[in-house]
Amino acid sequence: MVKKISIFLLVIFISAKSYAASNNLFFTTAQFMTYCKSENLYEQGVCDGYIIAVNDVIYSLKKENINICVPENISIRKIRLSIVNFIIDNAELMSVEANKVIGKFFISNFECKN
């Protein structure tokens with residue numbers, strides 16, 4: 001009996017669809033900006049965490065494909081405020097995916113000088 005139940009559960013788990021990755025966008029730039037401009041520390045943390053994640057993805061790319069040098073002593077708060085100003089200056093990017101705009105910000109502001 002236990003063997004039949006185990007086989008039944010195994011069949012159910014194997015036949016169930018599982019998704020490895022999401023095909024949904026987390027943030028447009030407009031949605032992202034609401035977190036970055038918030039006075040709420042939790043929401044600022046969401047913004048900061050997203051910026052850090054995009055930076056880490058850029059950093060993990062092959063070095064010959066990127067030319068970004070973020071100074072070690074710059075604070076995430078300063079980067080957040082700079083990104084907010086960058087987005088305000090480029091309001092046409094509000095409907096674009098936030099990760100693309102952050103990447104564009106890093107390319108525009110932290111190009112290596114060597």
Side-chain angles (χ1 to χ4, degrees):
M1 181 69 173
V2 173
K3 188 175 182 180
K4 287 182 182 181
I5 292 173
S6 297
I7 292 171
F8 176 73
L9 291 175
L10 184 61
V11 169
I12 289 176
F13 288 127
I14 290 173
S15 65
K17 288 184 178 179
S18 60
Y19 299 98
S22 172
N23 60 354
N24 296 321
L25 178 65
F26 277 107
F27 293 124
T28 63
T29 300
Q31 292 166 324
F32 173 72
M33 279 287 281
T34 62
Y35 288 96
C36 294
K37 292 175 72 175
S38 174
E39 296 296 321
N40 179 295
L41 292 179
Y42 173 80
E43 291 180 355
Q44 288 177 6
V46 170
C47 174
D48 293 350
Y50 197 83
I51 294 167
I52 292 167
V54 171
N55 177 75
D56 286 353
V57 168
I58 292 169
Y59 183 78
S60 68
L61 298 173
K62 291 183 179 179
K63 299 301 178 212
E64 59 269 9
N65 294 340
I66 59 168
N67 190 29
I68 298 172
C69 298
V70 179
E72 290 183 26
N73 59 349
I74 192 166
S75 71
I76 187 64
R77 181 180 183 278
K78 183 170 181 172
I79 292 174
R80 177 179 7 104
L81 296 174
S82 296
I83 287 176
V84 167
N85 289 330
F86 177 80
I87 293 169
I88 289 169
D89 291 344
N90 297 280
E92 70 277 4
L93 300 174
M94 285 296 221
S95 62
V96 176
E97 299 95 329
N99 61 316
K100 289 181 181 179
V101 174
I102 295 168
K104 186 174 180 129
F105 165 81
F106 279 118
I107 291 167
S108 297
N109 291 278
F110 298 115
E111 185 176 5
C112 297
K113 304 294 187 216
N114 34 343

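These numbers come from the heavy atoms of this one structure, side chains and all, not from hydrogens, waters or symmetry mates.
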Indicate, with yes or no, if [Y] and [X] share a hydrophobic cluster defined by side-chain heavy-atom contacts under 4.5 Å among Ile, Leu, Val, Met, Phe, Trp and Tyr.
{"X": "Leu81", "Y": "Ile79", "value": "no"}
{"X": "Ile107", "Y": "Ile52", "value": "yes"}
{"X": "Ile74", "Y": "Ile87", "value": "yes"}

* To do: Kindly write out the residues that satisfy ring-ring contact (aromatic ring centres under 6.0 Å, His included) with Phe105, not counting sequence neighbours, or none if the list is empty.
  =>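 Listed in chain order: Phe86, Phe110.
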
Sorted by first residue and then second, give each salt bridge (charged side-chain N to carboxylate O under 4.0 Å, His left out) pair with at least one member in [range]; sequence neighbours left out.
{"range": "residues 68-78", "value": "none"}
{"range": "residues 33-47", "value": "none"}
{"range": "residues 98-109", "value": "Glu97-Lys100"}
{"range": "residues 81-91", "value": "none"}

* Asked: With Val54, which residues qualify under side-chain contact (heavy atoms from CB on, under 4.5 Å), at least two apart?
  ->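 Applying side-chain contact (heavy atoms from CB on, under 4.5 Å) to Val54 gives Tyr50, Ile58, Asn99, Ile102.
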
* By side-chain contact (heavy atoms from CB on, under 4.5 Å) - contacts of Ala30 (at least two apart) -> Thr28, Met94

* **Reported CG-to-SG distance for the pair Asn109 and Cys69, which is rounded to 0.5 angstrom** =>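 Going from CG on Asn109 over to SG on Cys69, the span is 13.0 Å.
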
* Distance in Å, Ile83 CD1 paired with Phe106 CZ, rounded so as to fall on 0.5 Å steps -> 5.0 Å

* Do the non-hydrogen side-chain atoms of Ile51 and Cys47 ever get within less than 4.5 Å of each other? -> yes

* Asked: Can you tell if the side chain of Val101 reaches within under 4.5 Å of the side chain of Phe32, non-hydrogen atoms only?
  ->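 Val101 vs Phe32: side chains apart.
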
* To do: Just jot down the side chain to side chain donor-acceptor pair (under 3.5 Å) partners of Asn55, sequence neighbours excluded, or say none.
  =>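 Once residues adjacent in sequence are excluded, Asn55 has no partner under the side chain to side chain donor-acceptor pair (under 3.5 Å) criterion.
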
* Asked: Between Thr29 and Asn90, does a side-chain contact (heavy atoms from CB on, under 4.5 Å) hold up when you go through it step by step?
  -> CA-CA 11 Å; Thr29 300; Asn90 297 280; over 6 Å; no

* Between Cys36 and Val84, which heavy-atom pair has the shortest distance, and what is it? -> CB-CG2, 3.7 Å

* To do: For residues Asn40 and Ser38, report the shortest heavy-atom separation together with the two atoms involved.
  =>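 Minimum heavy-atom separation between Asn40 and Ser38: N-OG, 2.9 Å.
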
